[in-house]
Structure formats: structure tokens, C-alpha cells
Amino acid sequence: MESRGTKREAGKIEVAEPRNKLPRPAPSLPIDPALYSGPFPFYRRPSELGCFSLDAQRQYHGDARALRYYSPPPTNGQSPNFDLRDGYPDRYQPRDEEVQERLDHLLRWLLEHRGQLEGGPGWLAGAIVTWRGHLTKLLTTPYERQEGWQLAASRFRGTLYLSEVETPAARVQRLTRPPLLRELMYMGYKFEQYMCADKPGVSPDPSGEVNTNVAFCSVLRSRLGNHPLLFSGEVDCTDPQAPSTQPPTCYVELKTSKEMHSPGQWKSFYRHKLLKWWAQSFLPGVPNVVAGFRNPEGFVCSLKTFPTMEMFEYVRNDRDGWNPSVCMNFCAAFLSFAQNTVVQDDPRLVYLFSWEPGGPVTVSEHRDAPHAFLPPWYVEAVTQDLPSPPKTPSPKD
Ligand code: GDP
Ligand code: MG
């Protein structure tokens, strides 16, 4: 914490602390799964409020131009034979990860739609605004043993905004990412290219470039316990043949994973990977995750659909498995912790919530750069909406 409570106003009489009063410990939030194993909390069925697209130059468009269409290979008894390494690195345009976009694209959408939000007047003022990916990290925290996180939080006109900050360790990992890991990341995007078409009813064209600047993002409304949520997440594709064409139930998440051969490999997959897949797709209400299993040569030889609502069954009877109630109860507890910590309404004031495996979530207070993340164009536009009452003229005016 910065020097909060250590400054004394000039002339103010110092009052001695009562003898029995211990200094208040810095607030923190424990993450032990056993603390969060109560009943599954209320989670409102996510509804789509809108969407936006980012193009090959990472430019924002307030439409669905980047949405792709699920187009799996024909199921004629043959297995697929997708070469995930094809085009690497010559047909790869990776996004510049040095650019920290924070909540900017989502805030642009919100600025353009804040007048038409459902939920009644004042709904946004009571809501939490963030990316789906940040909520995914919260959901998996009680089970995470490798990677910590930092989330910056500011309150502005009632709304609580949460924006991830790259940890120093994550930055080092990103800058020293081994070549094989870079290629594996490419392979995940290449799989999407084999499974998706730009228009419904046509076959995928894997001959082009893989450009990870391109994204289609759905903006969703939900509520966890008493926390109204507005969040956005990148969606891989929509299934034109889905039983319901209504988003988000027509959306499909695509994943790749190593081919498995032993029951032990499957068990580990259910315990670790399926938790991440579940958390990511459950939040926005994406009903199916389609996995492509790749062999050591980088070819996808089998596909399997995992319905999001059935993923927990694979670990329900596993003592070392994960539990959706723990994930959601922890997330709700974190959101309450954040709501109770970030009391002042000030877009320049930032509370940084930090977590490292093995410890609790801790918090520190900051002002302005480098942690303030609500951009001036957003703050100024929203401020002009609801100007504060004119200042009472003082006698000397
Ligand atoms: P995910 O669930 O982790 O994939 O993240 P979201 O769906 O919430 O994505 C939110 C926004 O962040 C989208 O515009 C994504 O393109 C972008 N994004 C997702 N992952 C990364 C990442 O690892 N690095 C950067 N710089 N942006 C990312
Ligand atoms: Mg995906």
C-alpha cells in the first residue's frame, strides 16, 4: 500500500490508539478450494448484447465481419489429416504482443452502446466490466499451481472495471518463449483455419495466412450472485447447423491438444486442460468445445466434441479433480472483495490485486501511470453524459 493513513493533517490532534487495538492487517483473500465448496452460486444465463470485430491491422469495427463459420471435414469414416505446421512461419502474421490494449476495444463498444443497454437505468453503474479471459483466470485460481496474475481495478461512475496487468514473470516468459512453444501457438490458430470458413456453407481455405490480429468478440451480460457482469470474449466460430442459431448457443470453441494413449494421460487431461476449457466456455455460455488431437508430427488425426455442460462429469468422482462450484464461489468472493476494496469513484485511482500460487490475493493502491487504465477518451465522453452539478459560486466570484 502507498502511504495511506500515514499522513496527518496539520494541526490535527494525534489521538493515541487504544492499547488493546492491534494494527489492522492488510486485507487479503484466501484461495483454498475447501473454503469455496458450498452450493453452486446463481449464474444468470449469459445473453449477447452485441459484438465487434478486429481486422488484420487490429482495427475495430462495430460489426461481425470477423465471425467465421464452423465447417468440419465430412464424417465419411475417414479421419482428418490437418498439417498444423503448414505455413509456419512464412504465412504467419502474429499480433504484436508488446501493445497493451487493456480494456480499450471493449470500452469503445460500451461507449457506442451505453445508451441502449438493457437492464434499466443504472444497470451499468452497478455492473463489473472486464474481459472473459480475466474471469477465466479467476475461476481457475483455486486449482492453479503455476501462473500468478495481477488485475487492476478502478471504479468510475459506479461501474467497477477490471483489467489484467502482465506480471513481471509472465513478461519474461513471453520474451523468452522457446521456438517450439511459438510454433505450438501457431498450430492452435492453424487448426481454426482448417475448421472454419469465412462464409456459411463453404469449405475452409487453409492456403491463406494466419493473422492473429483478426478477432470476433461477443459482448455478453450475465450475473454471478449479486454481481451484474458485462464482459467480452473472443469467439472462434458459429455453427450454422446448431440446434439454435441464437448466440451464444451457436458458438463453438476450437482447441488442440496432444494425442493421448494411456488412461493416465486422459486423467491428467481431464484434471488440468478440461478445467481451463470449461471455465473459458462456461462463462459466455458457449455450449461446445471441439478438440483436435495432434500427433507428434503436428497432424490432427482425430476430432472430439466436448459439451461444456458435460466436462465436469470426467472429474466428478476424482479426488484430485476440480469442482465448478469452487471456481464460481471463489470468483464471486473475489468480486465482493474487489467491490468492497475499490470504494472511491475515481478513474485515476487503481487497486492492483495480485496473486501468486501458494498465497492469498493481496492488494495495493496506485494513482495514475503506469497502472491507471481507463483512457481519457472514455472518461471524458462518459463525464459529458452526466455532468456533475455546477459548482456553487463562491462569494469572491
Ligand atoms: P481469452 O479467453 O484468454 O482468449 O481472452 P478473451 O476472449 O477475453 O479476449 C479478450 C481480448 O484479448 C481479445 O481481443 C483477444 O484477442 C485478446 N487476447 C486474448 N489473449 C491474449 C493474449 O494472450 N495477449 C494479448 N495481447 N491479447 C490477448
Ligand atoms: Mg480457441
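Order of appearance sets the numbers: ligands from 1, and atoms from 1 within every ligand.
Which of Glu98, Glu164, Arg95, Gln280 comes nearest to atom 23 (O) of ligand 1 through a heavy atom is settled by distance: it is Arg95.
Heavy-atom contacts of Gly233 reach the following atoms of ligand 1: 7 (O) (cutoff under 4.0 Å). Listed by number with element, the atoms of ligand 1 under 4.0 angstrom from any heavy atom of Ser232 are 8 (O). Shown in contact with Arg58 at under 4.0 Å from a heavy atom are these atoms of ligand 1, numbered in order with element: 14 (O), 15 (C), 16 (O), 17 (C).
Closest protein heavy atom to atom 15 (C) of ligand 1: Glu234 OE1, 3.3 Å. The single protein non-hydrogen atom nearest to atom 8 (O) of ligand 1 is Gly133 N, 2.8 Å, given as residue, atom name and distance.
Between Tyr60 and His105, the angle of the ring planes stays under 30°, which puts this pair in the parallel group of the 30/60° scheme. In this pair, Phe82 and Phe191 present their aromatic rings tilted. The plane angle is within the 30 to 60° band. Below 30°, between 30° and 60°, or above 60°: for Phe334 and Phe337 the angle between ring planes is above 60°, a perpendicular geometry. Using cut-offs of 30° and 60° for the angle between ring planes, the Tyr251 and Phe216 rings count as perpendicular. Taking the six-membered ring for Trp and thresholds of 30 and 60 degrees, Trp322 and Phe312 have ring planes inclined between 30 and 60 degrees apart. Classification of the Tyr88-Tyr186 ring pair by plane angle, with boundaries at 30° and 60°, yields tilted. Note on ring orientation: taking the six-membered ring where Trp is involved, the planes of Phe269 and Phe306 are tilted (angle from 30° to 60°).
Taking a distance limit of 4.0 Å, we find that atom 26 (N) of ligand 1 is approached by some protein heavy atom. Checking atom 11 (C) of ligand 1 against the protein gives a heavy-atom contact under 4.0 Å.
At least one N, O or S atom of Asp236, from either the backbone or the side chain, sits less than 2.8 Å from the Mg ion (ligand 2). Look at Leu254 and the Mg ion (ligand 2): an N/O/S atom of the residue is under 2.8 Å from the metal. In summary, no N, O or S atom of Glu234 is located under 2.8 Å from the Mg ion (ligand 2).
Remark: the backbone N or O of Gln265 is not paired with any side-chain donor or acceptor of Ser268 at under 3.5 angstrom.
At under 3.5 Å, a nitrogen or oxygen of Arg132, whether backbone or side chain, sits near a nitrogen or oxygen of ligand 1. For ligand 1, the polar-atom distance check finds no N/O of Ala215 at less than 3.5 Å from any of the ligand's N/O atoms.
Sorting the N, O or S atoms of Glu253 by how far they are from the Mg ion (ligand 2) puts OE2 first.
At a threshold of 4.0 Å, the pair Glu164-Arg102 does not count as salt-bridged, since none of the basic side-chain nitrogens sits closer than that to a carboxylate oxygen.
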